[in-house]
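Here is the structure we will look at.
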Amino acid sequence: MKKRLLVSLALALSAAPALAQKVVSIGYSGPLSGGAAFYGKDVQSGIEMAINELNKAGGITVKGEKVTFRLVSLDDRYLPNETATNVRRLTSQGIDVIFVPHAGGIQAVQPLAVRDPSFLLAAYSSEPAILAAKSPMTFMLPPRYDNYVQPFVQTQMKAFGKRLGLIGTSSAYGKQWTDAISDEWKKQGGTVGRDNGVDYNTTVDYSSAVTKALAERPDVLFVGGPSQPTAQVIKAAREQGFKGGFIVMDQAKFEQMDDVIPRSYLDGSVGVLPTIEYPGTQVFRTQYVRAYRKDPTSEAALNYMGMNIIARAMTLAGTTDDPRAIRAQLNAAAKALPQRQTVYRLAGVTAGGHVDAEFVIASVKGGKYNRLRVTKVYK
């Protein structure tokens, strides 16, 4: 009997490393208050959903050790200086993976990501300058916004006319979008009015900015920032009698604006195709609606995929705390991602750290989404 007990104890001890459980913290700094709070919480929900599913399935195994995750979220109010403060706080806690969902914040902390201690920066912004920085520790999730500019301009100029008005958000990201749209509009032979951009994060009444833009008699208005304030800008324009088209920045989502204004107000708009309109998203949508009682946007979907890619990269790299080794396995991890964790068609991760995933843009006509063709794609 005594011998049997000793054998059982020895077997238990030999199995201990495989049964031990390590909890890895994942950092998040984004807007959880203010005008961009809905946007920040959509991003947060995608990361959180992936973590909850991974933990429910027993976590991942890294070199024989069971690993689960927890999300540590800090509010930066969409302010880059607060993002930098939050990131320093997170890294001081030994956190090696941090998600940031806005261009200003991402660009503020990219230099920090390569210092000691380094961390993997999961960047949710379509700003091309993020990739141009060539940071070896950046993992960029959405498509670059310059993929949208040419087809947006071509579609709207052909449908409505050559005069463009500008009422984008005044964040660094919004200004870069405004410059890109303005340059392309002029390139295609149109004229551009004054920049009437306002801070979508703090402005409550958009009627004054809309009045100034409409005084120039535009055929098309460029608008965009977080979805809810963007809907208010469109509402103000329609209620002031604007009959033209809208170019909607990729941050604003049709499916969320639908909850704020009538679909008829969106007729004549171009923007990003709603996630629920993509084929093969039904399983993800069902799971997300069950958890959050609302339809998912690309913010939730791409960050959900991003977290799952990172978890698989940790398994392949054999480490949870070497961000450089994890970064090196992202492409292999993306290609090995199972169908149940894939929302959009995925080709991998480029050498520059950019998710190579399907994206579709659309116009709204008669309350329906019509897909637009993109002839040139930037990776």
Side-chain angles (χ1 to χ4, degrees), residues 31-42 77-79 102-104 145 148 152-153 155-157 159-182 185 190-272 274 297 363-367:
L32 299 175
S33 62
F38 286 104
Y39 167 76
K41 290 175 181 177
D42 281 339
R77 299 184 298 157
Y78 215 65
L79 300 172
H102 52 101
Y145 73 67
Y148 306 120
F152 279 6
V153 169
T155 300
Q156 296 304 74
M157 190 179 290
F160 294 99
K162 293 194 172 184
R163 292 175 298 187
L164 178 69
L166 304 172
I167 325 176
T169 185
S170 59
S171 67
Y173 176 67
K175 290 176 181 176
Q176 288 155 347
W177 244 105
T178 299
D179 289 344
I181 283 289
S182 298
W185 192 270
T191 58
V192 179
R194 293 189 304 272
D195 184 359
N196 296 287
V198 293
D199 185 350
Y200 281 35
N201 195 42
T202 59
T203 303
V204 176
D205 184 358
Y206 298 93
S207 58
S208 177
V210 169
T211 299
K212 290 177 183 177
L214 294 185
E216 298 176 324
R217 302 179 65 81
D219 301 305
V220 177
L221 286 175
F222 167 68
V223 299
S227 300
Q228 290 75 17
T230 301
Q232 295 300 332
V233 175
I234 292 174
K235 180 174 185 263
R238 291 299 191 214
E239 291 182 351
Q240 289 188 35
F242 181 63
K243 305 294 186 186
F246 293 100
I247 292 176
V248 181
M249 185 193 299
D250 61 336
Q251 187 179 6
K253 303 300 187 293
F254 287 138
E255 62 267 47
Q256 289 186 322
M257 292 190 286
D258 252 353
D259 294 334
V260 181
I261 57 177
R263 174 74 66 88
S264 60
Y265 283 14
L266 296 173
D267 265 10
S269 300
V270 293
V272 177
T297 63
S363 62
V364 184
K365 187 174 182 180

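Along the sequence shown, residues are numbered consecutively beginning with 1.
Taking the six-membered ring where tryptophan is involved, the planes of Y78 and Y39 are perpendicular, since the angle between them exceeds 60° and thus also 30°. Aromatic ring orientation, W177 versus F222: parallel (interplanar angle below 30°, classes split at 30° and 60°).
To the nearest 0.5 angstrom, Q176 atom CD is 13.5 Å from I181 atom CD1. Between the CG atom of D267 and the OG atom of S363 there is a distance of 9.5 Å, given to the nearest 0.5 Å. Here the straight-line distance linking atom OG1 of T178 with atom CG of D195 works out to 5.0 Å at 0.5 Å rounding. Note: T297 OG1 to Q256 CD = 5.0 Å, rounded to the nearest 0.5 Å. In this structure, Y145 OH and D250 CG are separated by 9.5 Å, a value rounded to the nearest 0.5 Å. Atom CD of Q156 sits about 15.0 Å away from atom NZ of K162, to the nearest 0.5 Å.
Counted within 6.0 Å of CZ on R263, heavy atoms from surrounding residues, nucleotides or ligands total more than 12; the atom is thus considered enclosed. With a 6.0 Å radius and a threshold of 12 heavy atoms from other residues, nucleotides or ligands, R238 has its CZ atom above the threshold.
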Apply side chain to side chain contact (heavy atoms under 4.5 Å, CB included) to the pair K243 and F160, showing each step before the final yes or no. CA-CA 9 Å; K243 305 294 186 186; F160 294 99; over 6 Å; no

Could you go through Q240 and T211, starting from their C-alpha distance and side-chain angles, then the distance that decides it, and tell me whether this counts as side chain to side chain donor-acceptor pair (under 3.5 Å)? CA-CA 8 Å; Q240 289 188 35; T211 299; 2.9 Å; yes

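The shortest side-chain heavy-atom distance between Y200 and V233 falls under the 4.5 Å cut-off. Counting heavy atoms from C-beta on, the side chains of M249 and Y148 never come closer than 4.5 Å. Looking only at side-chain heavy atoms (C-beta outward), V260 and Q232 come within less than 4.5 Å of each other. A 4.5 Å side-chain heavy-atom check between P226 and F38 finds every atom pair outside the cut-off. N201 has its side chain out of reach of P31: every pair of non-hydrogen atoms, C-beta onward, lies at least 4.5 Å apart.
Heavy-atom minimum distance, L221 versus L164: C-CD1, 4.3 Å. Closest of all the heavy-atom pairs between L214 and A237 is CD1-O, 4.2 Å. K41 approaches L32 most closely through the heavy-atom pair CE-O, 3.5 Å. Taking all atoms of both residues into account, the shortest heavy-atom contact from W185 to G161 is CZ2-O, 3.4 Å. In terms of heavy-atom proximity, S269 sits nearest to F254 at CB-CE2, 3.8 Å. Between S170 and K175, the closest heavy-atom pair is O-CE, 3.1 Å.
Between E216 and R163 no salt bridge is recorded (no basic side-chain N to carboxylate O distance below 4.0 Å).
Between the S227 side chain and the K253 main chain, a donor and an acceptor come within less than 3.5 Å of each other. Between the side chain of N196 and the backbone N or O of V210, no donor-acceptor pair lies under 3.5 Å. Within the 3.5 Å criterion, the main-chain N or O of G224 finds no donor-acceptor partner in the side chain of T169. Between the side chain of S171 and the backbone N or O of G174 there is at least one donor-acceptor pair closer than 3.5 Å.
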